[in-house]
Amino acid sequence: MPPTTLAISAAPPPTPADLEAVSRWLDEQGVPGTGMRDIVELGGGTQNVMLRFRRGDRALVLRRGPLHLRPDTNDAIRREVRMLAALRDSAVPHAHLVAACEDGAPLGGAAFYVMDAVDGFNPTNELPKHLAGDPTFGARLGGAAVEALLTLATVDPAHPSLDGIGRTTGYLERQVPRWLSELAKYASVPGYASSLDGGVETVTGWLEDRRPATFTPGVVHGDFHLANLMCAPDGGRVAAIVDWEMCTVGEPLLDFGWLLSTWPGAGDSVDELAAPLRRAGALPTVDDLIADYARQSSRDLSNLAWYRVLAAFKLSVILEGTYVRSLQGKATEVMGQKLHRYSVDLIARAVAVIEAGS
């Protein structure tokens with residue numbers, strides 16, 4: 001195997017034996033070319049490991065779970081595989097699935113898959129020089145994000161690959177208890193002291209009181225924000241929506257609420273997710289995004305505030321989970337503290353949406 005070049009990561013780099021095993025597996029899958037060269041570990045996430053490499057004349061990416069596999073890690077990877085299979089012939093921008101190893105045998109039981117690399121950049125990491133000072137880029141980015149969401153909403157939730165993903169019966173009723181239960185688990189971790197409690201009570205009480213009676217099922221990404229979008233090199237469209245581990249069949253407005261709840265502009269630490277965008281042209285406001293979505297969608301937006309608040313609450317609990325893992329030595333202290341700040345600010349954003357409508 002050729003020497004590897006790996007960026008610094010919370011997880012140790014794969015061993016030569018790992019790479020040899022994956023290379024042999026690629027041979028068995030009939031992926032053209034031989035070996036793996038120009039291997040680089042991709043950053044941007046907080047948990048899963050991704051390796052970009054070349055095989056033959058093709059740029060590929062391997063995605064697996066973190067070093068410390070959680071009980072549901074492999075299931076999440078398998079879920080991503082099924083979603084990417086459902087998207088294969090759709091207009092949804094995504095990285096095309098090449099092959100999947102659901103038993104994880106080459107990597108000691110860690111399920112993984114290989115996809116085509118995406119030609120593009122993530123706007124929350126670093127902007128290309130030609131876009132950093134482009135006064136039109138911010139507006140185009142907002143429009144492209146909304147367009148990608150609307151395209152995702154056209155996917156048939158009854159696609160055979162999605163059978164068993166998500167349960168629409170009781171979907172809305174399960175949301176608050178499910179994530180309150182997750183938050184309650186954190187309390188048993190030594191050294192954990194929540195600073196979310198007061199805001200969580202306000203948010204969850206409001207969500208239970210205002211829960212919509214019905215919804216129209218659709219495909220939901222589950223973690224739709226700028227950090228999970230790859231932009232085309234010209235900045236004019238989304239080249240791929242990435243990180244599908246939380247995908248399900250539910251209410252697509254939750255994805256839109258997620259985008260709105262994480263959108264830069266409130267001036268708190270959540271805006272650090274999109275720090276490079278401050279060097280670009282002015283971003284559209286949340287109200288601009290809502291107007292854009294409303295012009296192009298037939299979905300009833302009368303309960304949009306509910307989905308915005310739910311999205312902020314869910315993401316807050318998820319990010320708090322990384323903080324808890326940092327207390328257990330399963331994530332870096334720096335990352336844990338950073339995401340804890342985001343978690344606190346997301347609850348504040350949710351309360352602000354509630355107060356704005358009262």
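All values below come from the heavy atoms of this structure, side chains included, with hydrogens, waters and symmetry mates left out. Remember, predicted model here, so these are calculated numbers, not experimental data.
- When all heavy atoms are compared, the tightest approach of Ala311 to Ser261 is CB-OG, 4.1 Å.
- Panel note: side chain Arg64, backbone Ala111; no donor-acceptor pair is recorded below 3.5 Å.
- For Asp119, the CG atom is loosely surrounded, since the number of other residues' heavy atoms within 6.0 Å does not exceed 12.
- Summarising the geometry, atom CG belonging to Asp292 is positioned 9.0 Å from atom CD belonging to Glu147; distances are rounded to the nearest 0.5 Å.
- At distances below 3.5 Å, not a single donor-acceptor pair connects side-chain atoms of Tyr323 with backbone N or O atoms of Glu333.
- In this structure, CG in Leu51 is found 7.0 Å from CG in Leu19, a value given to the nearest 0.5 Å.
- Side chain of Arg237 to main chain of Leu141: no donor-acceptor pair is present (N/O by atom type, distance under 3.5 Å, no hydrogens or angles).
- Side chain of Ser297 to backbone of Ala294: no donor-acceptor contact under 3.5 angstrom is found.
- The backbone N or O of Pro177 sits nowhere less than 3.5 Å from a side-chain atom of Ser181 that would complete a donor-acceptor pair.
- Using a 4.5 Å heavy-atom cutoff, the side chains of Val219 and Leu162 are in contact.
- With sequence neighbours excluded, the residues forming a side chain to side chain contact (heavy atoms under 4.5 Å, CB included) with Asp243 are Arg63, Glu80, Asp223, Asn228, Glu245, listed by chain and number.
- When the side chains of ILVMFWY residues are joined at heavy-atom separations under 4.5 Å, either directly or via intervening members, Tyr307 and Leu150 end up in a single hydrophobic cluster.
- Annotation: salt bridge (Lys or Arg N to Asp or Glu O under 4.0 Å) contacts of Asp156 (sequence neighbours excluded): none.
- Across all their heavy atoms, Met246 and Ile318 have their closest contact at CE-CD1, 3.1 Å.
- Both Val344 and Ile354 are part of a single hydrophobic cluster, where members link through side-chain heavy atoms under 4.5 Å apart.
- Applying the salt bridge (Lys or Arg N to Asp or Glu O under 4.0 Å) test to Arg58 and every residue at least two apart in sequence or in another chain returns Asp116.
- Between atom CZ of residue Arg37 and atom CD1 of residue Ile39 there is a gap of 10.5 Å, rounded to the nearest 0.5 Å.
- For Arg167, the CZ atom sits in a loose shell: 12 or fewer heavy atoms of surrounding residues, nucleotides or ligands are nearer than 6.0 Å.
- Not counting sequence neighbours, the partners of Ser194 by the side chain to side chain donor-acceptor pair (under 3.5 Å) test are Asp197.
- Hydrophobic cluster membership is shared by Leu253 and Leu172, with clusters built from Ile, Leu, Val, Met, Phe, Trp and Tyr side chains linked at under 4.5 angstrom.
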(request) Mind running side-chain contact (heavy atoms from CB on, under 4.5 Å) on Asp134 and Lys129 for me, showing each step along the way? (result) CA-CA 9 Å; Asp134 184 343; Lys129 290 182 179 179; over 6 Å; no
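- For the side chain to side chain donor-acceptor pair (under 3.5 Å) test, no residue two or more places apart in sequence or in another chain qualifies with Arg79.
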(request) Check the pair Val220 / Trp258 against side-chain contact (heavy atoms from CB on, under 4.5 Å), numbers first and verdict last. (result) CA-CA 11 Å; Val220 177; Trp258 213 278; over 6 Å; no
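- For Arg54, the side chain to side chain donor-acceptor pair (under 3.5 Å) test picks out no residue, with sequence neighbours left out.
- With values rounded to the nearest 0.5 angstrom, Asp234 atom CG is found 7.0 Å from His130 atom NE2.
- Under the rule for a side chain to side chain contact (heavy atoms under 4.5 Å, CB included), the partners of Thr124 that lie at least two apart in sequence or sit in another chain are Asn122, Leu226, Ala227, Ala274.
- Val249 and Phe215 are assigned to two separate hydrophobic clusters, defined by single-linkage of ILVMFWY side chains at heavy-atom distances under 4.5 Å.
- With hydrophobic clusters built from ILVMFWY side chains whose heavy atoms lie under 4.5 angstrom apart, Val353 shares a cluster with Val317.
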Could you list the donor-acceptor pairs under 3.5 angstrom formed between side-chain atoms of residues 94-102 and any protein atom two or more places apart in sequence or on another chain?
from: His94; atom 1: ND1; to: Val92; atom 2: O; distance (Å): 2.6
from: His94; atom 1: NE2; to: Leu87; atom 2: O; distance (Å): 3.4

(request) Would you check, one step at a time, whether the test side chain to side chain donor-acceptor pair (under 3.5 Å) holds for Ser302 with Asp300? (result) CA-CA 6 Å; Ser302 59; Asp300 179 6; 2.9 Å; yes
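- At a threshold of 4.5 Å between non-hydrogen side-chain atoms, the residues Arg70 and Arg325 count as touching.
- A donor-acceptor pair is defined here as one N or O able to donate and one able to accept, closer than 3.5 Å; no such pair exists between the side chain of Thr322 and the backbone of Gly336.
- Applying the under-4.5 Å side-chain rule to Ile, Leu, Val, Met, Phe, Trp and Tyr, the cluster around Met230 extends to Val118, Val242.
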(request) Starting from the C-alpha separation in whole Å, work towards a yes-or-no answer on salt bridge (charged side-chain N to carboxylate O under 4.0 Å, His left out) for Glu251 and Arg299. (result) CA-CA 10 Å; Glu251 168 56 90; Arg299 284 191 176 267; 3.0 Å; yes
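- Sorted by first and then second residue, the ring pair (Phe, Tyr, Trp, His ring centres under 6.0 Å) pairs involving residues 228-253 (not counting sequence neighbours) are His221-Trp244.
- Take Thr214 and apply the side chain to side chain donor-acceptor pair (under 3.5 Å) test, not counting sequence neighbours, and it matches no residue.
- Panel note: side chain Ser343, backbone Ser316; a donor-acceptor pair is recorded below 3.5 Å.
- At a threshold of 4.0 Å, the pair Asp27-Arg55 counts as salt-bridged, since one of the basic side-chain nitrogens sits closer than that to a carboxylate oxygen.
- Salt bridge present: Arg178 and Glu182 bring a charged side-chain N and a carboxylate O closer than 4.0 Å.
- Annotation: side chain of Met50 is not in contact with side chain of Glu41 (no heavy-atom distance under 4.5 Å).
- Annotation: the span from Arg82 atom CZ to Ser161 atom OG amounts to 7.5 Å, rounded to 0.5 Å.
- In summary, the aromatic rings of Tyr293 and Phe256 are positioned with their centroids under 6.0 Å apart.
- Between the side chain of Trp179 and the main chain of Phe313, no donor-acceptor pair closer than 3.5 Å is present.
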(message) Pair Val200, Leu180 - check side-chain contact (heavy atoms from CB on, under 4.5 Å), show working.
(response) CA-CA 9 Å; Val200 165; Leu180 276 177; 3.8 Å; yes
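- Nearest approach of Gly35 to Ser23, heavy atoms of both residues: CA-OG, 3.3 Å.
- For the pair Pro93 and Ala148, the tightest heavy-atom approach, listed with the atom from each and the gap, is CG-CB, 4.3 Å.
- For the atom pair Lys314 NZ and Leu310 CG, the distance stands at 6.0 Å (nearest 0.5 Å).
- Take Arg349 and apply the salt bridge (Lys or Arg N to Asp or Glu O under 4.0 Å) test, not counting sequence neighbours, and it matches Asp268, Asp271.
- Note: Phe137 and Phe121 have tilted aromatic rings, judged against thresholds of 30 and 60 degrees for the angle between ring planes.
- Between the side chains of Gln328 and Tyr192, no donor N or O sits under 3.5 Å from an acceptor N or O.
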(message) Working note: Leu84 + Tyr113, criterion side-chain contact (heavy atoms from CB on, under 4.5 Å); need CA distance, chi angles, decisive distance, verdict.
(response) CA-CA 10 Å; Leu84 291 175; Tyr113 63 90; 3.5 Å; yes
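- No salt bridge links Asp38 with Arg52; every basic N to acidic carboxylate O contact stays at or beyond 4.0 Å.
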